[in-house]
Number of protein chains: 2
Amino acid sequence: MDARTKILETAARLFATHGYDSTSLSVVARDASVSKALIFWHFENKESLYEAVLSRTIEPYHIDMDELAGLGAADRISRMVDFYYDFINENAHSVRFFLSLFLREDKRPDDFFARVLELYRHYRELLAITLRAGQNEGTLSADVDPDLHAALILSTLNGVLVQGFTGERDVASPERLIRELKSSLVDRLRIQ
Amino acid sequence: MDARTKILETAARLFATHGYDSTSLSVVARDASVSKALIFWHFENKESLYEAVLSRTIEPYHIDMDELAGLGAADRISRMVDFYYDFINENAHSVRFFLSLFLREDKRPDDFFARVLELYRHYRELLAITLRAGQNEGTLSADVDPDLHAALILSTLNGVLVQGFTGERDVASPERLIRELKSSLVDRLRIQ
DNA sequence: GTCTATATACAGATAGAC
DNA sequence: GTCTATCTGTATATAGAC
């Protein structure tokens, strides 16, 4: 691996765990086994390095809802819930990082946040569209507002993932919570 | 207001918005209109100031579930949901701050986190107890696990508050989400 | 209790050799 | 591309006058 990549990976790990200000370039250099000066040769300054790290981090984020064809609306939603949960698990470190950035008022590079929010909205719209389709087909109960209920499902998913991040899992594992979510917020809408 | 209190309040605001490392004592001193040296006279060092701030922040946190007597189980749960939501709104700044601390791996003073987690568990237990009581009375459906369902309600509440923090409220306001939460996760359990 | 002045360490960033 | 040596600013923290 070349030095530039080594720097990026090391910085990504440190930024994500300690934050921007608490991560000194001296430590990045030491952990990446390069000199501080080399960081400034590859990146204009600390902020540029940070942006390069965010850019790399967000790169694999995408929504790809294939293999949903042929399923009923409720099953499609159920799969979408699993998709979201798997995505969070696969990207746990960076998702946690982005969430912590959202909660801080400073150091929020708007470009990246816009992209994350866009993916988020897109996913919510897919949920809402699927709910509405199920209602129109007559396979899902019509007594919920599709947009509102989609937002609730997403909020619950976020709550479950936050729960996972805080390490509070004595009562209910994330997996059990996801099953209960599906049971209470998806399966109850099914019309036989 | 005495200087010590002024320092504590200024530091609380700055720590909460910018975090520990990004908050310099020079800025705290300037915003509190005191000298840097005075901070060190009142507090041993920056970390002590931080702990004093956390201690003050957490002080008003408590769970006080009065005026629930006489209500049926479902209404009690509904009130508890409102209680949680109101609590978050009243303490939005500090709750947001604590949540962001939970997501970082460093600077987690364990004493305070233990206290916050204890309140959290206590609230969840109150929910679970009330659910179980309703099932035993026959006013709530018995086809959910009380502990698991209580955890799900709490996860959803947390998701709604995170949603509020991220500023994503175009589709659904927190208030509408809370109403949908009650409708889907509480009212559906009612047995007439 | 509160201040000014200062010590000390380390941050981000640059110069210049190789 | 990569290094060592160094500059400059600012951070935490202390000394000592009032």
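Keep in mind it's a predicted model, so treat the numbers as computed, not measured. Letters go in sequence order (proteins before strands), and every chain restarts at 1.
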Flag side-chain contact, heavy atom, 4.5 Å: A/Phe40 against A/Leu25: yes
Residues in ring-ring contact (aromatic ring centres under 6.0 Å, His included) contact with B/Phe97, at least two apart in sequence or another chain: none
Residues A/Asp75 and A/Arg190 bridged, charged N to O under 4.0 Å: yes
Nearest-0.5 Å distance, OH of residue A/Tyr50 to CZ of residue A/Phe43: 14.5 Å
Any protein N or O atoms within reach of nucleotides 8-11 of chain C? Criterion: under 3.5 Å, listing atom names and distances.
from: C/dA11; atom 1: OP2; to: A/Ser26; atom 2: OG; distance (Å): 3.1

Segment of DNA chain D, first to last nucleotide, that comes within the 4.0 Å heavy-atom reach of chain B: D/dA11 to D/dA15
Partner residues of B/Val144 under the side chain to side chain contact (heavy atoms under 4.5 Å, CB included) criterion, sequence neighbours left out: A/Glu180, A/Arg188, B/Gln135, B/His149, B/Leu189
Any pair counted as ring-ring contact (aromatic ring centres under 6.0 Å, His included), so long as it reaches residues 117-139 of chain B, sequence neighbours left out: B/Tyr84-B/Tyr123
Angle between terminal axes - the helix from C/dG1-D/dC18 to C/dC18-D/dG1, 5 pairs each end, rounded to 10°: 0°
Note: A/Arg79-A/Asp82 ion pair, threshold 4.0 Å (strictly below): no
B/Glu137 atom CD, neighbour heavy-atom count above 12 within 6.0 Å: yes
B/Ser33 or A/Asn45, whichever maps to the more 5' nucleotide of DNA chain C: B/Ser33
Ring centres under 6.0 angstrom apart (A/Phe113, A/Phe102): yes
Modelled atom types, side-chain donor and acceptor of A/Ser48 and A/Asn45, under 3.5 Å: yes
